[in-house]
Amino acid sequence: MEKENNIALSSAGTSRVRQRKRSNEVIPEPSKPNGGTLLVDDRNKYKSMWIRTYSTVWMIGGFALVVYMGHLYITAMVVVIQIFMAKELFNLLRKAHEDEHLPGFRLLNWHFFFTAMLFVYGRLLSQPLVNSVTPEKFLYQFVSSLIKYQMAICYFLYIAGFMWFILTLKKNMYKYQFRQYAWTHMILIVVFTQSSFTVANIFEGIFWFLLPASLIVINDIFAYVVGFFFGRTPLIKLSPKKTWEGFIGASVTTMISAFVLANILGQFQWLTCPRKDLSTGWLQCDPGPLFKREYYTLPGWISQWFPWKEISILTVQWHALCLGLFASIIAPFGGFFASGFKRAFKIKDFGDSIPGHGGITDRMDCQSFIVREGISVEKILDQVLTKLTFEEQQTLLTKLGQILQDRLGHS
């Protein structure tokens, strides 16, 4: 009897060991009926296409309205997108059971978020803010002081958040809290690194925001459409419905669209002029060298078939080809990153506000390609010599001399 009990105990023990080994093994995800098939063979592709088309029309319409309203409204749109992105990412690793034992801990994420926002936008919008405030008023002195001590204010806000985090540490919750702390900082880097370039591009001219954003949308749409009808060759295992046919077709379409769109958008001054303050009116300025036309004589054999003897091309159209190439080759990897991210966390979409789309994080890759030009003495002198008349240059020299003499007198 004792031997039978020992045998039973040993068999039970071995079965438990086997169960533990099986629990530690990586169980492959169950395959879905249409999840691994190409889009051209998907039985529900027309329903999916209608959902995508409906949401795309609404997104493009709303986006066009915001762009029409001007720089500040576009910047506000970027800020709203940032907040939704941060909210979705904060919730990915959130555990309700742990948060119940940490009241107020979730507010710490937003403290760091708005501290980072003050740091990034304080540096980007400091000069436009000063230009918007009338001198010799209390508000001007307040804004000047705020900008002067902006770095110190952000530093002390971050230190306050750091101390807040230390004071909220609880026994048996250390690992979860430090994981949340690291996750928050990673989110801030991902969100604000791209958005800082985006906002800088907006104030350099809406053109530099609108063109890259449009190219990303065009590339995404035509990759889907070409893959919908002709896609047969899988492109990457991470995103099974992406095909080489869609990738190549979207690349060609994006390059052509970049060249054409740059010509259309470059004709509107309110799109090309940089914004130096925080006003909302439309801008008028002399077009820079990139937005001036160059004329090219066509070969004789072309003139025999077509009525054109020469064509005019904006200089910026050649730059747009580089943006189109970037959007065609590099930007899709933002979508692949989003696909891998969703698979890692087993989520369908980043948010429910854009049905049928993978979220908004993979729409901002091309914005980081353009870097805001810095202001230097050489650039200012070049603008003075090329844009001002001789009399205006003399007036500028006289006023500059008076200002310098007043400052030397006060010092």
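Sequence positions, counted from 1, serve as the residue numbers for this chain.
- If you take CE on M255 and SG on C322, they are separated by 8.0 Å, rounding to the nearest 0.5 Å.
- Between F197 and W208, the closest side-chain pair of non-hydrogen atoms is not below 4.5 Å.
- Side-chain polar atoms of R106 and N91 form no donor-acceptor pair below 3.5 angstrom.
- Taking both residues in full, the closest heavy atoms of M173 and E98 are given as CE-O, 3.4 Å, listed atom of the first, atom of the second, then distance.
- N219 and S251 get closest at one heavy-atom pair: ND2-N, 4.2 Å.
- One finds the CG atom of L396 at 13.0 Å from the CD atom of E391 (value rounded to the nearest 0.5 Å).
- Counted within 6.0 Å of CD on E310, heavy atoms from surrounding residues, nucleotides or ligands total more than 12; the atom is thus considered enclosed.
- Contact of the T315 side chain with the E294 side chain is registered, since non-hydrogen atoms from C-beta on lie closer than 4.5 Å.
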Note to self: Quick one, I218 with L261, criterion side chain to side chain contact (heavy atoms under 4.5 Å, CB included). Give me CA distance, side-chain angles, the key distance, then yes/no.
What the structure shows: CA-CA 11 Å; I218 290 171; L261 271 177; 3.8 Å; yes
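- Shown are L188, L89, T184; of these, the side chain to side chain contact (heavy atoms under 4.5 Å, CB included) with N109 is made only by T184.
- Contact detail for R232 and T243: the closest heavy-atom pair is N-CG2, 4.2 Å.
- In this structure, L169 CG and Q177 CD are separated by 5.0 Å, a value rounded to the nearest 0.5 Å.
- With Q317 contributing its side chain and F259 its backbone, the two residues share a donor-acceptor pair below 3.5 Å.
- Relative orientation of the F90 and F113 rings is perpendicular, given thresholds of 30° and 60° on the angle between their planes.
- At least one side-chain heavy atom of W110 sits less than 4.5 Å from a side-chain heavy atom of K87.
- Residue R293 holds its CZ atom at 9.5 Å from CD1 of I313, rounded to the nearest 0.5 Å.
- In this structure, M77 and M69 have side chains that are not in contact, with every pair of non-hydrogen atoms separated by 4.5 Å or more.
- At distances below 3.5 Å, at least one donor-acceptor pair connects side-chain atoms of T168 with backbone N or O atoms of F165.
- Nearest approach of L283 to P274, heavy atoms of both residues: CD1-O, 3.4 Å.
- Counting only heavy atoms from C-beta outward, the side chains of M151 and R123 approach each other to under 4.5 Å.
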Notebook entry, point to check: Checking ring-ring contact (aromatic ring centres under 6.0 Å, His included) for the pair F207/F268: CA distance, chi angles, key distance, verdict?
Noted result: CA-CA 9 Å; F207 176 92; F268 300 95; over 10 Å; no
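- Across all non-hydrogen atoms, the minimal contact from G324 to A258 is CA-CB, 4.0 Å.
- In this structure, the separation between CG on L118 and CD1 on I153 is 7.0 Å, given to the nearest 0.5 Å.
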Next item on the list: Take Y68 and Y73, measure what ring-ring contact (aromatic ring centres under 6.0 Å, His included) needs, and give me the verdict at the end.
Entry: CA-CA 9 Å; Y68 179 80; Y73 294 94; over 10 Å; no
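- Note on ring orientation: taking the six-membered ring where Trp is involved, the planes of F209 and F63 are tilted (angle from 30° to 60°).
- Ring centers of H97 and Y176: at least 6.0 Å apart, outside the cut-off.
- Remark: the backbone N or O of Q284 is not paired with any side-chain donor or acceptor of Q269 at under 3.5 angstrom.
- The backbone N or O of I216 lies less than 3.5 Å from no partner atom in the side chain of D220, so there is not a single donor-acceptor pair.
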Checklist line | Derivation of the side chain to side chain contact (heavy atoms under 4.5 Å, CB included) call for I187 and M85 | finding: CA-CA 9 Å; I187 292 171; M85 287 173 61; over 6 Å; no
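- Atom CZ of F114 is surrounded by more than 12 heavy atoms from other residues, nucleotides or ligands within 6.0 Å.
- Relative orientation of the Y296 and W318 rings is perpendicular, given thresholds of 30° and 60° on the angle between their planes.
- The side-chain heavy atoms of I74 and V67, taken from C-beta on, include a pair separated by under 4.5 Å.
- Heavy atoms from other residues, nucleotides or ligands lying under 6.0 Å from CE of M163 number 12 at most.
- To the nearest 0.5 Å, the span separating CG on L271 from CG on L265 amounts to 6.0 Å.
- Across all non-hydrogen atoms, the minimal contact from S257 to T253 is OG-O, 2.7 Å.
- At least one side-chain heavy atom of L125 sits under 4.5 Å from a side-chain heavy atom of F203.
- Distance alone, capped at 3.5 Å, is enough to place a donor-acceptor pair between the H111 side chain and the L157 backbone.
- For F336 and F333, the ring centers are positioned less than 6.0 Å apart.
- Side-chain atoms of Q82 do not come within 3.5 Å of backbone N or O of F192 as any donor-acceptor pair.
- The aromatic rings of F112 and Y158 sit tilted, their planes meeting at an angle between 30° and 60°.
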